[in-house]
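Quick notes on the structure that follows.
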Amino acid sequence: MKKTALPPLFALHFAVFLFGTAGVLGKMLAVSSLLLVFGRTLFAALCLIPVLVYQRQLHFHDVSKRVVLCGFLLAVHWLTFFASLNFAPVAFGLMGFASFPLFVAMLEPWFFKEPGSAHDAWAAVLVVAGMAMMVSGSSWNDGAVFALGLGILSGFSFALLAMVNRWQGSRIPPFKLAFLQNGLATVLLLPLVLASGDLIGHSAQTWLGLVLLGTVFTALSHGLFMSSLRHVSASFASIVTSLEPVYGMLLAFLILQETPGIRELAGASVILAATAYASYQHQAHEVVRQGH
């Protein structure tokens with residue numbers, strides 16, 4: 001029986017849905033961006049330990065400098081994104097992060113010595129256009145520009161992380177890679193959290209929220225995302241990841257009663273169209289490849 005692309009595609013879309021849900025949950029938790037990122041990486045790493053024990057993967061002889069780099073990039077990605085939310089509405093940080101597919105489209109052919117995909121490049125352009133529509137009616141000021149810059153840095157660091165994850169994914173099991181990255185990010189962030197005093201004065205409900213954020217919406221989502229990178233290109237995965245703000249907007253409407261405007265809905269429609277186009281092209285490519 002020929003292998004189908006549906007399982008990795010399902011894993012990828014479900015991971016992105018969990019990413020979008022994490023944004024809503026993070027907004028509901030009244031904590032600093034530093035504690036938010038530290039909490040999710042800490043509890044993600046802790047909950048993955050039993051998984052690695054069960055899989056007999058709790059050894060570290062395959063840890064390399066690239067894995068350490070992944071932990072650093074993961075910390076930078078989340079810190080810059082959540083920090084951008086402190087300076088302007090969420091849309092500006094998401095607009096900056098929407099540069100992620102463009103960075104991947106430029107970097108992946110060079111990184112893996114593969115021919116670039118015109119379909120993915122056009123889909124990436126459509127994603128950025130859709131995000132631009134979502135913020136076109138907003139007022140711009142210094143805070144918005146700074147938030148946009150942090151969002152772009154978040155997108156660039158996540159693009160680099162996707163590149164290294166795709167390379168490492170063929171060498172390290174996905175959930176072990178998720179454990180190593182989150183664990184290293186936790187270690188890197190620990191001195192900053194201790195210096196800030198953010199660990200003190202939070203309710204049990206807040207800590208339970210951080211546990212939920214780290215286990216389901218970080219450990220599981222990242223394991224699924226890295227597993228999908230074994231079967232799809234980073235360019236295609238980056239385009240599907242652009243659905244994160246769409247899922248987040250839908251969940252914010254259902255949970256937080258945040259009603260999107262016409263521009264937000266129009267921009268989301270463009271992103272959905274770009275993702276559908278890229279998915280169709282990806283499936284067509286798989287059919288042709290398996291037919292040979």
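This is a predicted model, so every value here is computed, not measured.
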Checklist entry - Residues two or more places apart in sequence or in another chain: which of them pass side-chain contact (heavy atoms from CB on, under 4.5 Å) with Phe156? => result Phe103, Leu107, Leu160
Checklist entry - Are Leu190 and Trp78 linked, directly or through other ILVMFWY residues, by side chains that come within less than 4.5 angstrom of each other? => result yes
Item to check | Note, Ser228 side chain near Leu9 side chain (heavy atom, < 4.5 Å) | outcome: no
Next on the checklist: Ignoring hydrogens, what is the shortest heavy-atom contact between Gly71 and Leu184? Give both atom names and the distance.
Outcome noted: CA-CB, 4.1 Å
Checklist entry - Is Leu153 reachable from Leu188 through a run of I, L, V, M, F, W or Y residues, each pair having side-chain heavy atoms under 4.5 Å apart? => result no
Checklist entry - To the nearest 0.5 Å, what is the distance between CZ (Phe217) and CG (Leu212)? => result 5.0 Å
Next on the checklist: For the OG atom of Ser227 and the CZ atom of Phe175, what is their distance to the nearest 0.5 Å?
Outcome noted: 7.0 Å
Checklist entry - Closest approach of Ser196 and Leu34, non-hydrogen atoms and distance? => result OG-CD2, 3.7 Å
Checklist entry - Step by step, would you call Leu224 with Leu220 a side-chain contact (heavy atoms from CB on, under 4.5 Å)? => result CA-CA 6 Å; Leu224 291 172; Leu220 177 60; 4.1 Å; yes
Next on the checklist: Hydrophobic clusters here meaning ILVMFWY residues chained together by side-chain heavy-atom distances under 4.5 Å, can you tell me if Leu177 and Leu69 are in one?
Outcome noted: yes
Item to check | Considering all heavy atoms, the nearest Leu79-Leu189 contact | outcome: CD1-CD2, 3.4 Å
Item to check | Phe17, CZ: over 12 other non-hydrogen atoms inside 6.0 angstrom | outcome: no
Next on the checklist: Show the nearest heavy-atom pair for residues Ala219 and Leu48, with the distance to one decimal.
Outcome noted: CB-CG, 3.8 Å
Checklist entry - Do any N or O atoms from the side chain of Thr186 and from the backbone of Asn182 form a donor-acceptor pair under 3.5 angstrom? => result yes
Checklist entry - Leu199, Val37: one ILVMFWY side-chain cluster at the under-4.5 Å cut-off? => result yes
Checklist entry - Looking at His202 and Asp198, what are the two nearest heavy atoms and their distance? => result NE2-O, 2.7 Å
Next on the checklist: Are Val193 and Trp207 linked, directly or through intermediate hydrophobic residues, by side-chain heavy-atom contacts shorter than 4.5 Å (ILVMFWY only)?
Outcome noted: yes
Checklist entry - Is the closest side-chain heavy-atom distance between Gln55 and Lys176 below 4.5 Å? => result no
Checklist entry - So how far is it from Leu12 CG to His231 NE2, rounded to the nearest 0.5 Å? => result 11.0 Å
Checklist entry - Is the centre of the Phe81 ring less than 6.0 Å from the centre of the Phe158 ring? => result no
Next on the checklist: According to side-chain contact (heavy atoms from CB on, under 4.5 Å), who are the partners of Leu36, at least two apart in sequence or on a separate chain?
Outcome noted: Leu29, Val31, Phe82, Leu210, Leu213
Item to check | Atom of Ala237, atom of Phe225 and distance for their closest heavy-atom approach | outcome: CB-CE1, 4.3 Å
Item to check | Qualifying side chain to side chain donor-acceptor pair (under 3.5 Å) pairs, either residue in residues 210-223, two or more places apart | outcome: Arg40-Thr218
